[in-house]
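Here, residue 1 is the first one in the sequence, and each next residue gets the next number.
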Amino acid sequence: MVGTLDCAMEPAGPGPREPATLPGMTVAAVILSSTTEGALSDTLGQPRVRRLVDLAWSGGALPVVVIAPDPDGAVEASLQGTEASYGSPAPREAGPVGQMVRGAELAAAEVRETTAALIWPARMTWVGPETITSLIEAHGPDPATVLLPAWQGEPGWPVLVPLVHLDAMRTIAPDLMPLDVVHALVGAVPARVIEMGDPGVIHDVDTAREDLPTYEGPPDPPGGHTHEWGADVASEAGLPEP
């Protein structure tokens with residue numbers, strides 16, 4: 001059933017929450033836009049990346065890094081007054097995986113306690129801050145596992161990648177598209193899917209906010225048991241096996 005988002009899909013309270021750091025670890029958000037126009041596109045009255053920064057911070061991510069082409073400085077200017085930092089993209093020949101690695105490296109350089117990065121394509125504008133918090137909480141007891149948020153069994157974004165797997169990411173072919181990069185990564189390292197009940201993890205900016213399915217929330221605690229990524233998950237999600 002199609003419905004509108006309730007207030008749970010918006011940043012809570014009049015100001016940002018404290019970052020959801022865990023003892024000895026913190027989780028960054030790496031927001032990636034392949035174009036300047038996409039980064040600055042109006043989204044509910046804000047530049048797209050500015051909205052995503054607010055969502056990431058409200059959910060507890062720290063640091064927040066935005067990677068996008070910025071020939072005139074407009075993207076960096078749009079981040080003024082936020083907790084985010086701007087990073088120039090990796091060389092074009094590095095491909096999508098190169099941008100992911102670049103963002104994670106910048107986050108680790110900014111906050112040395114960073115243990116994972118949420119890889120967040122800027123087109124995914126409707127992700128709720130509760131989803132970010134839940135992924136961070138799930139990372140605590142499971143620090144070496146890639147975590148994929150799902151809505152009704154379908155994995156989506158942002159994907160939480162522990163930084164211990166950056167070397168594995170660096171071996172992935174640069175000509176792969178972002179979803180294929182994720183498939184390659186979860187075929188090589190531990191990974192699991194966590195149901196979030198958040199339609200924003202699979203519905204991107206092409207879906208109008210008012211057309212989003214109703215937010216349901218996670219059916220289980222984020223740190224609880226969920227099935228491992230593999231043939232069963234791929235089958236449920238209608239995806240090719242990794």
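Using a 4.5 Å cut-off on side-chain heavy atoms (C-beta onward), Thr133 and Glu137 make contact. No side-chain heavy atom of Val146 sits less than 4.5 Å from a side-chain heavy atom of Leu160. Leu62 places a side-chain heavy atom less than 4.5 Å from the side chain of Trp57.
Although no hydrogens or angles enter the test, the distance criterion places a donor-acceptor pair under 3.5 Å between the side chain of Ser134 and the main chain of Glu130. A distance-only check finds a donor-acceptor pair linking the side chain of Arg50 to the backbone of Gln80 [under 3.5 Å]. The backbone N or O of Pro47 sits nowhere less than 3.5 Å from a side-chain atom of Asp42 that would complete a donor-acceptor pair. No side-chain donor-acceptor contact under 3.5 Å links His139 to the backbone of Leu135.
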Trp120 and Val49: CA distance, side-chain angles, deciding distance, side-chain contact (heavy atoms from CB on, under 4.5 Å) verdict: CA-CA 10 Å; Trp120 194 335; Val49 292; over 6 Å; no
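In this structure, CG on Asp70 lies 10.5 Å from OG on Ser33, to the nearest 0.5 angstrom.
In terms of the salt bridge (Lys or Arg N to Asp or Glu O under 4.0 Å) criterion, residue partners of Arg170 (sequence neighbours excluded) are, by chain and number, Glu105, Asp167. Residues passing the side chain to side chain donor-acceptor pair (under 3.5 Å) test with Asp142, sequence neighbours excluded: Thr145, Arg192.
In the hydrophobic clustering (ILVMFWY side chains linked at under 4.5 Å, chained through shared members), Trp151 is joined by Val201, Ile202.
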